[in-house]
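Chain identifiers are assigned alphabetically (A, B, ...) following the order of the sequence lines, protein sequences preceding nucleic acid strands; residue numbering begins at 1 within each chain.
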2 protein chains.
Amino acid sequence: MAMTIRDIAREAGVSTATVSRALRGLPNVDPVTRERVRQVAERLDYVVSPAASRLASGRAGSIAVITPYIARWYFGRVLSGIEKVLQASELDLLLSSIGDPSETHRVPPHRKLRRRVDGFLVISLSTETEGVSEIFEADLPVALIDTQREGCWSVGIDDVAGARMAVQHLINLGHERIGLISGRPLPTPFRPEENRWIGYRDALLDANLAVETDLEACGHFTIEGGERAMTTMLARPHPPTAVFAMSDEMAFGALRSLRAHGLQPGRDVSVVGFDGHEMSEHLDLTTIVQPVEEIGARAAQSLLEALDHPTREPHQVTLPLSMVVRGSTALRRSRTHDDGDR
Amino acid sequence: MAMTIRDIAREAGVSTATVSRALRGLPNVDPVTRERVRQVAERLDYVVSPAASRLASGRAGSIAVITPYIARWYFGRVLSGIEKVLQASELDLLLSSIGDPSETHRVPPHRKLRRRVDGFLVISLSTETEGVSEIFEADLPVALIDTQREGCWSVGIDDVAGARMAVQHLINLGHERIGLISGRPLPTPFRPEENRWIGYRDALLDANLAVETDLEACGHFTIEGGERAMTTMLARPHPPTAVFAMSDEMAFGALRSLRAHGLQPGRDVSVVGFDGHEMSEHLDLTTIVQPVEEIGARAAQSLLEALDHPTREPHQVTLPLSMVVRGSTALRRSRTHDDGDR
DNA sequence: AGGCTGAGCGTAAACGCTTGCACAGACCGA
DNA sequence: TCGGTCTGTGCAAGCGTTTACGCTCAGCCT
C-alpha cells in the first residue's frame with residue numbers, strides 16, 4: 001500500500017538505483033534527472049522505508065543518548081541541547097536512561113541498543129559503570145559528556161578548576177572551615193563528582209586548610225539530600241562557616257537547612273553551588289555557571305562529525321566556566337560570632 | 001561478520017524459521033528446541049537485526065515522544081515516567097521536540113518520523129498544532145497527555161478543576177481581586193492553558209468576582225516570565241491581592257517579584273502555583289500537585305496496550321490532583337491595608 | 001485399519017532498499 | 001580516427017529477518 005522506490009522509479013521513468021541516488025544527493029546523477037525524481041517523490045508523498053534502507057546499507061540511522069537521569073535539571077538541559085542539533089540531522093535520537101540502582105529491573109542500555117545505533121552519546125557517566133562499559137565493545141563512535149576516554153570524543157568543563165574556583169572564592173572571603181556537599185559516597189557512576197572533589201581538596205590543601213571527613217556530607221544531588229547534608233554538618237562539633245555544594249540543587253537544600261536553623265546564608269554561613277540553575281538567581285546563590293545546553297549541543301556535533309568522518313581523530317573540548325557571585329557568600333564574620341553558640 | 005539467524009539455525013540444528021519463532025516466544029515450538037535455540041543464541045551473543053526484523057514484519061519497533069520542550073521541569077518529569085515504562089518493553093523511544101516557534105529551522109516531527117514509529121506519545125500539545133495535527137493522518141495509535149481527541153488514548157488531570165481549586169482556595173481566604181499569571185497569549189499550542197483559564201474564570205464567576213483583563217498577565221511558563229507578569233500587575237491601578245499562576249515556575253518568579261517590591265508572599269499578596277515542583281516546598285508556595293511522572297507512565301502504558309490490542313477502544317484516564325497549602329497563601333488583610341498605598 | 005487433528009518444523013517468498021559492476025555514449029587528446 | 005576517461009544510468013545481488021504454506025508424524029477416534 002505504501003509507496004515504494006519502485007513506484008517512484010516507474011513514475012519518473014528511471015531505475016530504482018537512480019531514484020535512490022537522486023534522493024540521497026549522491027553524485028553521478030544528472031541534475032535534470034535528480035530534480036524530476038525529487039518532484040515525483042514530493043508529489044507522491046514518498047519517504048524511504050528506514051527499515052529497508054538500514055538493512056541494505058548496514059547503517060542504523062540512529063544514535064543513542066545514555067543518561068543517568070532524565071528528569072533532573074542538568075540532564076534535561078543537556079538533552080535539550082543534543083536534541084536541537086540532532087533534529088536537523090537525518091538521525092533518530094534514541095533515549096535511554098540508566099535509572100537509579102534501586103530500579104532493579106532496568107534493562108542495561110547496551111543490551112537494548114545492540115545493533116540499533118550508529119553511535120553513542122553518554123552523559124556524565126563514568127565509563128566503567130556497569131551497563132556503560134560494554135558500550136565501547138561495539139566499536140562505534142562515542143561522544144562523552146563530562147568524562148574522557150581513549151578514542152572517544154568528549155565535551156565538558158573543567159570540574160577540578162570549577163570546584164577550585166568556588167572554594168578559592170570562599171577562602172578569599174576568609175573562611176577556613178569549608179564544608180563540602182558531595183553527591184553519593186564514592187565510587188559513583190556519576191563522574192564529575194570525583195573531579196569536583198579533587199578541586200575542593202586541592203584548593204584547601206593549597207591554602208593549608210583542613211580537609212576532614214567531618215566537613216563532608218552526601219547530598220545525592222537532590223534538594224532534600226542537600227538539606228539533610230547541611231543539617232548533618234551543622235549538628236557536628238565544629239560546623240563549617242562555608243560550604244561548597246557540588247550542584248545548585250543541593251545548595252538550594254543547604255540554604256533551606258540554614259534558614260530552618262535560624263541562620264542567614266551569606267551572613268552566617270556562605271554557600272556556593274555549581275551549575276547555573278535559573279533558580280540560583282532567585283535564591284541569591286553564588287554559583288559556578290556552566291554552559292549546559294551548549295555542552296549537549298557540542299557533544300552532538302562531535303558525534304555527527306565522527307559519523308561523517310570515521311577516520312578523524314577524536315577531539316576533546318572543554319567549555320569555559322564562570323562564577324556568579326551573589327548574596328549567599330560573604331566575608332567570614334569574626335571568630336567569636338562563628339564559633340560561639342551551637 | 002555479525003551473527004545472523006542462519007548461524008544460530010545451523011548451530012542449533014534447526015531452520016531459521018524455528019529460530020525466529022523460538023526466540024520471539026511464539027507458540028508451536030517444542031520447549032526443548034526453544035531452550036536449545038535460546039542457549040545457542042546466548043552463547044554466540046546473538047541479537048536480531050532490528051532493521052531486518054522491521055523490514056520483514058512491517059513493524060517499526062519504536063514509538064515517538066513529541067514534546068514542546070525537553071528541558072522544562074514538567075516535560076522532563078513526564079518523559080522520565082514514559083521512559084521507565086518503555087525501557088521494559090521491546091520498543092525504542094524516539095525523542096522529538098517541537099521547540100520554540102522562534103527556532104525557524106526545526107523539522108516538523110511528522111516529517112522526521114514518517115514510517116519509523118508504531119505509535120505516538122504527545123505531551124501537552126494541542127492536536128491542532130502545526131506539525132502535530134499531521135500525525136493523526138498516519139492512522140497509528142496515539143496517546144495524548146493533557147489533551148483529548150476522538151480515537152486517541154489520553155491521560156491527564158482535570159485542569160479546569162485544578163485551577164478552580166486554586167482560585168477557590170484564594171476566595172475562601174477572602175480575596176476578591178485575584179490575578180492570573182497565564183502562559184502565552186491564547187491561542188497557544190500548549191493545551192492545559194485554556195482549561196486552567198476556564199477554571200480560573202469559572203471560580204471567579206461563581207463567586208461573583210471580577211474577571212478583568214487587568215488582572216491577567218502572561219508569564220510564558222518561565223521563572224523570569226512569571227516575575228515580569230507579577231511586576232506588571234503590581235504596576236497597574238488596582239493590583240490583585242492574590243494571584244494564581246498556571247505553573248510553579250511562574251509562581252516562583254511571582255514570589256521573587258513580590259519580594260523585590262518589599263511585599264511578603266502570603267501576608268501581602270497570596271500566590272498559588274500549579275504542578276508540585278519540588279522547589280515549591282522550599283519556597284513555601286501553595287500549589288496544586290499533579291502526579292507528573294505517573295502521567296507519563298500511564299500514557300506509555302496506554303500506548304503499549306493500544307499496540308498490543310489494536311482493536312481495543314481507547315481509554316481516557318484522569319489522574320487525581322491535590323492541593324498543598326503553604327505559607328504563600330493567607331487570609332486577606334483588611335481593606336485599608338490592601339488598597340492603601342501604591 | 002484408516003482417517004483426522006494438531007503440534008512441530010522446514011521451505012522459500014517476500015520486505016524495500018543500497019550498491020558493486022557493467023555499459024553506453026560524450027568528450028578529449030594524440 | 002582511435003583508444004581512453006568520465007558521466008549518467010541500469011541490472012541484479014544482496015541485506016537478515018518474518019511468515020504463509022506445506023509437510024511429517026504421533027496420537028486419537030471410529
Tell me whether the OP1 or OP2 atom of [N] has a side-chain N or O from [X] closer than 4.0 Å.
X: A:Ser15; N: D:dC11; answer: no
X: A:Ser49; N: C:dC17; answer: no
X: A:Arg24; N: C:dT18; answer: yes
X: B:Ser53; N: D:dG16; answer: no

Sugar-phosphate, base or nothing in reach of [X], heavy atoms under 4.0 Å:
X: B:Arg6; answer: base
X: B:Arg59; answer: sugar-phosphate
X: B:Arg115; answer: sugar-phosphate

- Message: Quick check on side-chain contact (heavy atoms from CB on, under 4.5 Å): which of B:Arg77, B:Glu83, B:Lys84 does A:Ile70 satisfy it with?
- Response: B:Glu83

- Task: Find out whether the Lys NZ or Arg CZ of A:Arg72 is both under 6.0 angstrom from the six-membered ring centre of A:Tyr69 and within 45° of the ring's axis.
- Result: yes

- Message: Whether B:Arg184 engages the ring of B:Phe221 as a cation-pi pair (distance to the six-membered ring centre under 6.0 angstrom, angle to the ring normal within 45°) should be assessed.
- Response: no

Distance, rounded to the nearest Å, where [X] contributes [atom1] and [N] contributes [atom2]:
X: B:Arg10; N: D:dG16; atom1: CZ; atom2: C1'; result: 14 Å
X: B:Asn28; N: C:dT5; atom1: CG; atom2: P; result: 17 Å
X: B:Asp7; N: D:dG16; atom1: CG; atom2: C1'; result: 11 Å
X: A:Leu26; N: D:dG8; atom1: CG; atom2: C1'; result: 13 Å
X: A:Glu90; N: C:dC17; atom1: CD; atom2: P; result: 15 Å
X: B:Arg54; N: C:dC17; atom1: CZ; atom2: C1'; result: 16 Å
X: A:Ile5; N: C:dC17; atom1: CD1; atom2: C1'; result: 6 Å
X: A:Leu55; N: D:dT18; atom1: CG; atom2: P; result: 12 Å

Side chain of [X] only, please: which of [options] is the nearest?
X: A:Tyr46; options: C:dG10, C:dC17, D:dT19; value: C:dC17
X: A:Thr18; options: C:dA12, D:dT9, C:dT19; value: D:dT9
X: A:Thr4; options: C:dC9, C:dT19, C:dC17; value: C:dC17
X: B:Ser20; options: C:dG16, D:dT18, D:dG16; value: D:dT18

- With a 4.5 Å limit on heavy-atom distance, are the side chains of A:Ser80 and B:Ser97 in contact? no

- More 5' along DNA chain D: B:Arg21 or B:Ala56, using each one's nearest nucleotide? B:Ala56

- Query: Between A:Asp118 (side chain) and A:Ala60 (backbone), is there a donor-acceptor pair under 3.5 Å?
  - Reply: yes

